[in-house]
Amino acid sequence: MSDVIARSRLVEERKAWPKNHPHVSTFFSSLLTLFFNFCGDFERLWVKPETRADGSVDLMVWHCVIPGKKWTDWEGGYFLLTLNFCEEYPSKPSKCKFPNGFFHPNIYHSGIVCLSILSERRGWRPSIIVKQILVGIQDLLDQPNAIDTA
């Protein structure tokens, strides 16, 4: 039953995404769109559920691109991130992972993000949506949390 709730929630979040973000059909054209899109930082966030080898969509895995915020050391960068949702989502948070070796004080060497809103025991609430997670990670890049390092 919980997997039905997770998938329903992810379907709704995915449907809502194109309302505020342009839909682009392929990964590469999405990256090009990001590079040439000079609107606000939040509007340049890009997400796409994983496509399996058989062409079906896996809503439990989303590939994302987070742009570096303007006026920061991260500006001009585009950072790949994978969100892995568990069957208990939204009761439990997703696992957010940069590629292995991503260097940041709040990101483990494995790429897992250490952020309070992604912790069941600290800041996670089922009302948090994907966009809030991505914006939180985008903010974390430039404003590391020295108290809660990875």
Note, V61 side chain near L83 side chain (heavy atom, < 4.5 Å)
no
- request: Output yes when R9 and E12 qualify as a salt bridge under the 4.0 Å nitrogen-oxygen rule, no when they do not.
  value: no
So salt bridge (charged side-chain N to carboxylate O under 4.0 Å, His left out) across residues 77-86, not counting sequence neighbours, yields none
Of all heavy-atom pairs linking K92 and W124, the shortest is C-NE1, 3.7 Å
From the list R14, K48, R52, salt bridge (Lys or Arg N to Asp or Glu O under 4.0 Å) partner of D58 resolves to R52
Result for side-chain contact (heavy atoms from CB on, under 4.5 Å) between L115 and one of I107, I137, D139, N145 points to I137
Contacts of R122 meeting side chain to side chain donor-acceptor pair (under 3.5 Å) (sequence neighbours excluded), chain-then-number -> D148
Here the pair of heavy atoms bringing V65 nearest to P67 is O-CD, 3.8 Å
Minimal heavy-atom distance between T82 and H63, with the atoms involved, is OG1-ND1, 3.6 Å
Applied to residues 95-110, the side chain to side chain donor-acceptor pair (under 3.5 Å) test, sequence neighbours excluded, yields K97-N100
Closest non-hydrogen contact found for S127 with Q132 is O-OE1, 3.7 Å
| field | Hydrophobic cluster identity match, L59 and V47, side-chain contacts under 4.5 Å | value | yes
Please find out if less than 6.0 Å separates the ring center of W62 from that of F85. yes
- S119 side chain to S116 main-chain N or O, any donor-acceptor pair under 3.5 Å? no
TODO: Please examine the side chains of I66 and L80, heavy atoms only from C-beta on, and report whether any two atoms are closer than 4.5 Å.
DONE: no
| Is the backbone N or O of W71 less than 3.5 Å from a side-chain atom of E75, with the two atoms forming a donor-acceptor pair by type? | yes
message = For F98 and F102, take the angle between the two ring planes, folded into 0 to 90°, and tell me which bin it lands in: parallel under 30, tilted 30 to 60, perpendicular over 60.
response = parallel
Taken to the nearest 0.5 Å, the spacing of L81 CG from Q138 CD works out to 11.5 Å
Heavy-atom nearest pair, M60 first then A6, reads CE-CB, 4.1 Å
Nearest heavy-atom contact between P126 and S91 is CG-CA, 4.3 Å
Discussion item. Parallel, tilted or perpendicular: which one describes the rings of F79 and W74, with boundaries at 30° and 60°?
Written reply: perpendicular
From the list L10, N84, I133, side-chain contact (heavy atoms from CB on, under 4.5 Å) with S94 holds only for I133
Residues at least two apart in sequence or cross-chain that pass side chain to side chain donor-acceptor pair (under 3.5 Å) with R121, listed by chain then number, are none
For residues I129 and V135: do they belong to one hydrophobic cluster (side chain heavy atoms under 4.5 Å, members Ile, Leu, Val, Met, Phe, Trp, Tyr)? no
Across all chains, not counting sequence neighbours, the side chain to side chain donor-acceptor pair (under 3.5 Å) partners of E87 are R7
query: Does the side chain of I112 reach to within under 4.5 Å of the side chain of L118, using non-hydrogen atoms?
result: no
Applying side chain to side chain donor-acceptor pair (under 3.5 Å) to Q143 and not counting sequence neighbours gives none
